[in-house]
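Presented below is the structure to which this report refers.
Ligands are counted one by one from 1 in listed order, and the atoms in each one are counted from 1 as well. The basis for the numbers below is simple: all heavy atoms, side chains too, and nothing from hydrogens, waters or symmetry mates.
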Amino acid sequence: MVSKVVILTGAGVSAESGIQTFRAADGLWHNHRIEEVASPEGFTKDPALVHQFYNDRRRQLLSADINENAAHVALAKLEQHFAGEVLLVTQNIDDLHERAGSTQLVHMHGELLKKRCLGCEQITAVTDDLSVESVCEYCNSTAQLRPHIVWFGEMPLQMPRIEKALLQCDLFVSIGTSGNVYPAAGYVQLAAGNGAETLELNLEASATNSLFDQCRLGLASKLVPEWVEELLSQ
Ligand code: BV8
């Protein structure tokens, strides 16, 4: 009987909602090298380019044609009806899990709809474009606002909470991630190390596929609802 589940999602869970995954970009992501636009060095070197990169993705996310899909909805249903505990850890910066209704949710790589001021450290919502001219509504400083997103080389968010859940869970499920980026890609080992059962739901075998007890290949919009129904009827 499963009582504590930790779920890790990646870009593959939002792919069927129309949001491009990283792998699909094959390293060139919206025509940019990932390091240029998703690293603190890249932001220091060309803040306008990085702001534009995230402004484009924010506009896309907020456009009418991007909506949560059956996988997001099924995960929210699991949280709602599961008798035990569910923690959803996502590498994604979109808000589609929230739109589907998930609340026990950690955005370990930050959120596209939040900004952070380098002057006063305040984290606030953002839906419009950011630029080097943007002014912080708290400390009034200019050119100090950045997306509240974890870039390569930066510390992911809420790691103690995630690691505690991984060490206590009895089931770890990875959905729609290629298993290339750490520390997220190492979570299967942390969970397995404490005796949890591990399951991968993905379109193709991830880089860490061999570390999972079970693997089901296919579209998240099909695999996730099926798996959630199975777990709820356990
Ligand atoms: C850290 C936000 C230290 C940005 C992201 C050298 C210098 C510095 C660091 C490192 C280094 N070498 C290694 C590192 C560590 C580095 C790392 O892992 N690099 C990799 C490239 C080797 N990691 C970091 O820098 C992290 N920080 O290490 O700090 C530390 C470490 C431990 C403890 C304390 C401190 C920070 C990494 C965060 C970077 N930010 N995102 C943004 O979004 O713009 S990463 C970003 O890329 C995502 O968040 C995600 O994590 C990753 C992409 O992975 P996926 O989500 O898996 O997406 P991908 O496209 O790759 O795969 C999609 C999968 O879905 C595929 O398998 C596909 O088959 C499948 N799929 C597609 N469609 C579907 C589907 N599945 C089902 N259904 C479908 N329809």
query = Side-chain contact, heavy-atom cut-off 4.5 Å: Ile93 with Arg57?
reply =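 When only atoms from C-beta onward are counted, Arg57 and Ile93 do touch, with a gap below 4.5 Å.
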task = Report yes if some heavy atom in the side chain of Ile175 is under 4.5 Å from a heavy atom in the side chain of Ile7; otherwise report no.
result =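 Contact flag for Ile175/Ile7 side chains = yes.
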Counting only heavy atoms, which portion of [X] has something under 4.0 Å from ligand 1: side chain, backbone, both, or neither?
X: Ile93; answer: side chain
X: Leu201; answer: neither
X: Arg57; answer: side chain

inquiry  = Would Gly218 count as a contact residue for ligand 1, given that I'm defining contact as a non-hydrogen atom of the residue lying under 4.0 Å from a ligand atom?
reply    =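 Yes, that is the case, since the closest heavy atom of the residue is under 4.0 Å from the ligand.
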Sub-4.0 Å heavy-atom contact, Met108 with ligand 1 =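 No, Met108 has no heavy atom closer than 4.0 Å to ligand 1.
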Pick, from [options], the option with the minimum heavy-atom distance to [atom].
atom: atom 16 (C) of ligand 1; options: Tyr182, Trp151, Phe53, Phe22; value: Tyr182
atom: atom 68 (C) of ligand 1; options: Lys222, His109, Glu204; value: Glu204
atom: atom 54 (O) of ligand 1; options: Ser206, Ser178, Gly186; value: Ser178
atom: atom 70 (C) of ligand 1; options: Val13, Asn202, Ile34; value: Asn202

key: Ion pair Lys115/Glu137, N-O distance below 4.0 Å   =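 Looking at Glu137 together with Lys115, the answer is yes, because their closest N to O distance falls below 4.0 Å.
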Using a 4.0 Å cut-off to any heavy atom of [X], which atoms of ligand 1 qualify?
X: Gln91; answer: 48 (C), 49 (O), 50 (C), 51 (O)
X: Val181; answer: 18 (O), 37 (C), 47 (O), 51 (O), 52 (C)
X: Tyr54; answer: 4 (C), 42 (C), 44 (O)
X: Ile149; answer: 2 (C), 4 (C)
X: Met155; answer: 34 (C), 35 (C)
X: Thr21; answer: 60 (O)
X: Gly10; answer: 56 (O)
X: Glu154; answer: 1 (C), 26 (C), 27 (N), 29 (O), 36 (C)

request  = Any chance you could lay out the salt bridge (Lys or Arg N to Asp or Glu O under 4.0 Å) test for Glu229 and Lys77, step after step, and finish with the verdict?
outcome  = CA-CA 9 Å; Glu229 286 317 310; Lys77 180 181 173 189; 2.6 Å; yes
request  = Go through the steps to decide whether Arg161 and Val106 satisfy the test side chain to side chain contact (heavy atoms under 4.5 Å, CB included), and finish with yes or no.
outcome  = CA-CA 9 Å; Arg161 178 181 175 194; Val106 175; 3.5 Å; yes
Under 3.5 Å: N/O of [X] near N/O of ligand 1:
X: Pro183; answer: no
X: Ala220; answer: yes
X: Gly153; answer: yes
X: Leu219; answer: no
X: Ala15; answer: no
X: Asn92; answer: no

Side chain to side chain contact (heavy atoms under 4.5 Å, CB included) evaluation trace for Glu121 with Arg116 = CA-CA 6 Å; Glu121 289 301 313; Arg116 185 168 79 238; 3.8 Å; yes
Side chains of [Y] and [X]: any donor to acceptor distance under 3.5 Å?
X: Glu16; Y: His72; value: no
X: Thr177; Y: Gln91; value: yes
X: Asp56; Y: Gln52; value: yes

task = State, to 0.1 Å, how close Gly218 and Leu223 come at their nearest heavy-atom pair, and which atoms those are.
result =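 Residues Gly218 and Leu223, closest heavy atoms: N-CD1, 3.4 Å.
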task = Report the relative orientation of the aromatic rings in Phe43 and His51; use parallel for angles under 30°, tilted for 30 to 60°, perpendicular for over 60°.
result =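 Correct class here is perpendicular.
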request  = With Leu201 as reference, evaluate Glu226, Lys222, Arg216 under the side-chain contact (heavy atoms from CB on, under 4.5 Å) test and give the passing residue.
outcome  =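 Among the candidates, only Arg216 passes.
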Audit row: Asp129, Arg59, salt bridge (Lys or Arg N to Asp or Glu O under 4.0 Å) steps and yes/no = CA-CA 8 Å; Asp129 285 359; Arg59 285 178 191 208; 2.3 Å; yes
request  = Please report the C-alpha distance between His97 and Thr9 in whole Å, then the side-chain angles of each, then the deciding distance to 0.1 Å, and finally whether the side-chain hydrogen bond (donor to acceptor under 3.5 Å, both in side chains) criterion is met.
outcome  = CA-CA 10 Å; His97 282 306; Thr9 60; 2.9 Å; yes
